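On a predicted model such as this, the values are computed, not experimentally measured, just so you know.
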Amino acid sequence: MELIDRALVVVRPGQLFLEWINEVEEKLDSPEKNKFTLVDIQIDPHSYLVPEQDEPAEIKVWLAANSLKLMEHEFASWCEDSSLWPSLKDPAMLDQWFYVEVFSMVFDLG
């Protein structure tokens with residue numbers, strides 16, 4: 001078992017993201033008959049390996065600097081048409097639209 005010199009960030013969709021997904025599905029006339037729930041969209045969240053941070057405050061700085069990139073990836077993974085995305089100009093949106101978990105110890109069991 002080897003410790004990886006990286007941190008792990010897990011991004012889970014929140015309520016605003018869920019509402020956006022269901023609105024997009026309606027606009028696209030999706031064949032999906034039921035609206036999605038938080039449980040549906042949180043089953044397999046995205047995980048990101050990020051540079052190792054020595055202090056918890058450092059990861060907050062990294063997240064603030066990279067929040068727009070993370071959100072772009074999250075929205076694009078659901079809908080490639082960026083004209084249907086909300087305006088992604090405010091880094092604070094990451095915490096408003098998603099639940100973000102940070103793990104500082106990552107091990108490779110391979």
Plane angle bin for W20 and F17 - parallel if under 30°, tilted between 30 and 60°, otherwise perpendicular: tilted
Donor-acceptor pair, distance only, cut-off 3.5 Å: does the side chain of N66 make one with the backbone of W62? yes
Tell me, please, which residues at least two apart from E58 pass side-chain hydrogen bond (donor to acceptor under 3.5 Å, both in side chains). none
What one should report as the nearest heavy-atom pair of E74 and S77 is O-OG, 2.7 Å
Would you name the heavy atoms of I59 and Q53 that are closest together and state the gap between them? CD1-CG, 3.6 Å
Donor-acceptor pair, distance only, cut-off 3.5 Å: does the side chain of Q42 make one with the backbone of D40? no
Are V50 and F103 connected in a single hydrophobic cluster, I mean Ile/Leu/Val/Met/Phe/Trp/Tyr linked by side-chain heavy atoms less than 4.5 Å apart? no
Flag yes if L94 and L68 sit in one hydrophobic cluster, no otherwise; membership is Ile, Leu, Val, Met, Phe, Trp, Tyr, and two members link when side-chain heavy atoms are under 4.5 Å apart. yes
Stepwise side-chain contact (heavy atoms from CB on, under 4.5 Å) check, L63 with L70: CA-CA 9 Å; L63 282 169; L70 289 171; 3.9 Å; yes
Linking I/L/V/M/F/W/Y whenever their side-chain heavy atoms sit closer than 4.5 Å, directly or via other members, would M71 and Y48 fall into one cluster? yes
In this structure, OG1 of T37 is separated from CG of N22 (nearest 0.5 Å) by 9.0 Å
Hydrophobic clusters here meaning ILVMFWY residues chained together by side-chain heavy-atom distances under 4.5 Å, can you tell me if L88 and V100 are in one? yes
One pair to check against side-chain contact (heavy atoms from CB on, under 4.5 Å): V24 and I21. What are the steps and the verdict? CA-CA 5 Å; V24 167; I21 287 172; 5.9 Å; no
For P51 against R6, the heavy-atom pair lying closest together: N-NE, 4.1 Å
Determine, step by step, whether H46 and V10 satisfy the side-chain contact (heavy atoms from CB on, under 4.5 Å) criterion, reporting the C-alpha distance in whole Å, the side-chain angles of both residues, the deciding distance to 0.1 Å, and the verdict. CA-CA 6 Å; H46 294 140; V10 176; over 6 Å; no
Closest contact, heavy atoms only, L3 versus M105: CD1-CE, 4.0 Å
Considering only heavy atoms from C-beta outward, does the side chain of F98 approach that of P45 to under 4.5 Å? no
Taking the side chain as C-beta and beyond, is there a heavy-atom pair between K69 and S67 under 4.5 Å? no
So how far is it from C79 SG to E25 CD, rounded to the nearest 0.5 Å? 8.5 Å
Test E2 against F107 for side-chain contact (heavy atoms from CB on, under 4.5 Å), laying out the working first. CA-CA 5 Å; E2 181 180 344; F107 295 91; over 6 Å; no
Could you work out, with side-chain hydrogen bond (donor to acceptor under 3.5 Å, both in side chains) as the rule, every residue matching E101, not counting sequence neighbours? R12
Do E72 and W85 have side chains that approach each other closer than 4.5 Å (heavy atoms only, starting at C-beta)? yes
What is the minimum heavy-atom distance between V106 and A7, and which atoms define it? CG2-C, 4.0 Å
Tell me, do P13 and Y99 make a side-chain contact under 4.5 Å, heavy atoms counted? no
Do I41 and L18 have side-chain heavy atoms sitting under 4.5 Å apart? yes
Side-chain heavy atoms of D108 within contact of M1, under 4.5 Å: no
When hydrophobic residues are tied together by side-chain contacts of less than 4.5 Å, even through go-betweens, does I4 share a cluster with L109? no
